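Inspection log for the structure reproduced underneath, given as structure tokens.
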There are 2 protein chains.
Amino acid sequence: MSSQTTSRPRGRPSAPVLSRERITRAAIRIVGTRDYRHLTMAALARELGVSTSALYNHVSSKRDLLVMIQESLNGEIDCSSFETKPWHEALWDWAVSYRLCFIRHTALIPVMAVLPVADSPRTLEMYERVTRGLDEAGIPEDQTVDVIVGIEALVFGAAYDASAPQNIFDPGGRADLAPVFTRAAARRPADARTAADRAFELALGAQIAGLRARFGTA
Amino acid sequence: MSSQTTSRPRGRPSAPVLSRERITRAAIRIVGTRDYRHLTMAALARELGVSTSALYNHVSSKRDLLVMIQESLNGEIDCSSFETKPWHEALWDWAVSYRLCFIRHTALIPVMAVLPVADSPRTLEMYERVTRGLDEAGIPEDQTVDVIVGIEALVFGAAYDASAPQNIFDPGGRADLAPVFTRAAARRPADARTAADRAFELALGAQIAGLRARFGTA
DNA sequence: ACCTGAACACCGTTCAAGT
DNA sequence: ACCTGAACACCGTTCAAGT
């Protein structure tokens, strides 16, 4: 009895061309060099040298693909400070790293912001580390998640701001409509990125200072 | 000489069916009753009883349309408190009203967040009132815009959060990955909207408290 | 000036057919 | 199991043709 014989044809079993990992890497390659608008299923397939429909053997939808990218990205967010620094400093480091990660991926924010954590193990892992850090610092258990959500909201909004065009606060011909604002806007750093960084750091510093005042500085 | 005679045909000059105002109102009607995914140029034309291509006599692109909606919406944001209350209370009222306005319009956030103010007179007007309020309260002129940008970032992120699905923080089968987080998440209000409101108010309160500490409570 | 109808160049997604 | 090629149901946008 040749029970060893499998039903698969003899000779080298042809390994599949695609995998979720290869697809994710190719997608990140595309959005890394070009824009998110260029990340189409067709472009992705071309990058991988397969037909578009082949992708659907590994990915259930484009949204699924975006979640995979987000998962991979989330691994780069640094929450190691919660192991070594006081909670308010760790919160700062985390937020800074978080924002940096999403500035070049604002297209993922609408996905990430409403994604059930159950669908994203790495996000869950990140939340766990931050929650534990806040918990051990004595933040009341029924508010640790609120603290996280609040910081995250600022981070997402600030990531958009940092990806805005250079002249976003230039009133153009309508300066007469807003003289005080126009003068104040002209006082900001000329480089848009520098201006955005400063605004984020002011807001983050204020928010964390407010949290310290509320929960104690321990 | 019948110099009075115009080149337009005699009789009642047929008034145009469309206008930017009518188009904007129809668009708001659609997103008010249905989802933003249903706001297509074809659906909008059908709502107005014209052909799709007719829209392009009044609107240059779908992005243009979204900006028009945003303009109209911005008129509903309340910054009147800056005329009557101390700056920190006015900032609170403004942020609350701002967020409320965008919770049902998160699709506009990517547009609004990177829109040059020159393209949006009403946004400019809003910024003017807020800047003036902060200016008169003694916030240094070179930081008023940063304060606004920081509050706005929180507002946009919080609007996303408030529009997230009910079970967003339910770890599902992966509770083992995040025991501390799971316990903390279970402590939040059952109603997602209530939970989101509380998180926003904690963050906003903290941020404003931090700003007061920085700039003085005058 | 303003509207219609047809066409264009895309999208994401499905599916029968092959191996 | 995994891939191809063709097809489908949409998108936003353009444009010649009409009034």
Side-chain angles (χ1 to χ4, degrees), chain A residues 5-28 30-31 34-70 107-108 110-111 114-115 119, chain B residues 5-28 30-31 34-70 107-108 110-111 114-115 119:
Chain A
T5 314
T6 74
S7 60
R8 125 154 70 84
R10 302 145 200 267
R12 182 173 301 275
S14 62
V17 181
L18 294 177
S19 69
R20 287 176 72 86
E21 289 69 33
R22 258 177 63 81
I23 292 173
T24 306
R25 278 202 304 275
I28 289 177
I30 290 176
V31 300
R34 306 177 72 78
D35 195 301
Y36 259 92
R37 286 193 306 274
H38 293 93
L39 181 62
T40 66
M41 299 304 272
L44 184 56
R46 198 148 57 82
E47 174 81 15
L48 288 158
V50 298
S51 71
T52 305
S53 52
L55 297 171
Y56 287 89
N57 288 307
H58 306 267
V59 160
S60 67
S61 67
K62 184 166 183 183
R63 191 193 140 85
D64 184 25
L65 173 70
L66 293 177
V67 170
M68 285 160 59
I69 298 175
Q70 176 263 319
L108 292 179
V111 177
V114 303
L115 183 75
D119 299 345
Chain B
T5 311
T6 73
S7 61
R8 131 153 64 84
R10 301 142 202 268
R12 181 173 300 278
S14 64
V17 180
L18 294 177
S19 70
R20 286 176 74 87
E21 290 70 31
R22 259 176 64 78
I23 291 173
T24 306
R25 278 201 303 275
I28 290 178
I30 290 176
V31 301
R34 307 177 72 78
D35 194 303
Y36 259 92
R37 285 193 306 273
H38 292 93
L39 180 62
T40 65
M41 298 306 271
L44 183 57
R46 199 148 58 79
E47 174 83 13
L48 287 159
V50 297
S51 72
T52 306
S53 51
L55 297 171
Y56 287 89
N57 288 306
H58 306 268
V59 160
S60 68
S61 67
K62 184 165 184 186
R63 192 193 140 85
D64 184 24
L65 173 69
L66 293 177
V67 171
M68 285 160 59
I69 299 176
Q70 176 263 319
L108 292 179
V111 177
V114 303
L115 183 74
D119 298 347

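Bear in mind that the values here come from a model prediction, so they are computed numbers and not experimental data. Sequence lines set the chain letters: A, B, ... in the order given, protein chains first and strands last, and positions in each chain run from 1.
- Contact annotation: the side chain of A:Leu65 approaches that of A:Met41 to within less than 4.5 Å [non-hydrogen atoms, C-beta and beyond].
- Each salt bridge (charged side-chain N to carboxylate O under 4.0 Å, His left out) pair with one or both residues in residues 48-65 of chain B, not counting sequence neighbours, appears once here: B:Arg20-B:Asp64.
- Atoms OG and CZ, on A:Ser19 and A:Arg25 in that order, are 6.5 Å from each other to the nearest 0.5 Å.
- Paired with B:Ile69 under the rule side-chain contact (heavy atoms from CB on, under 4.5 Å), one option of B:Ile28, B:Val111, B:Ile23 passes, and it is B:Ile28.
- Rounded to the nearest 0.5 angstrom, A:Ile30 CD1 and A:Leu44 CG are separated by 5.0 Å.
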Checklist line | Under 4.0 Å protein heavy-atom contacts per nucleotide of nucleotides 11-19 of chain C, with B for base, S for backbone only and - for none | finding: SSBBB----
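- B:Arg22 places a side-chain N or O within 3.5 Å of a backbone atom of B:Val17 that can act as its donor or acceptor partner.
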Using residues 46-56 of chain A as the side-chain source, report each donor-acceptor pair under 3.5 Å to any protein atom, sequence neighbours left out, with the distance given to one decimal.
| residue | atom | partner | partner atom | Å |
| --- | --- | --- | --- | --- |
| A:Glu47 | OE2 | A:Arg29 | NH1 | 2.6 |
| A:Ser51 | OG | A:Ser53 | OG | 3.4 |

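- Rounded to whole Å, atom C1' of D:dC2 lies 5 Å from atom CG of A:Asn57.
- Within residues 17-27 of chain A, no residue places a heavy atom under 4.0 Å from DNA chain C.
- A 4.5 Å side-chain heavy-atom check between B:Val31 and B:His38 finds every atom pair outside the cut-off.
- No side-chain heavy atom of A:Thr24 sits under 4.5 Å from any side-chain heavy atom of A:Glu21.
- Secondary structure note: stems in DNA chain C built from 3 or more consecutive Watson-Crick or G-U wobble pairs under 3.5 Å occupy C:4-8 with D:12-16, C:12-16 with D:4-8.
- Within the structure, a side-chain polar atom (N or O) of A:His58 is placed less than 4.0 Å from OP1 or OP2 of D:dC3.
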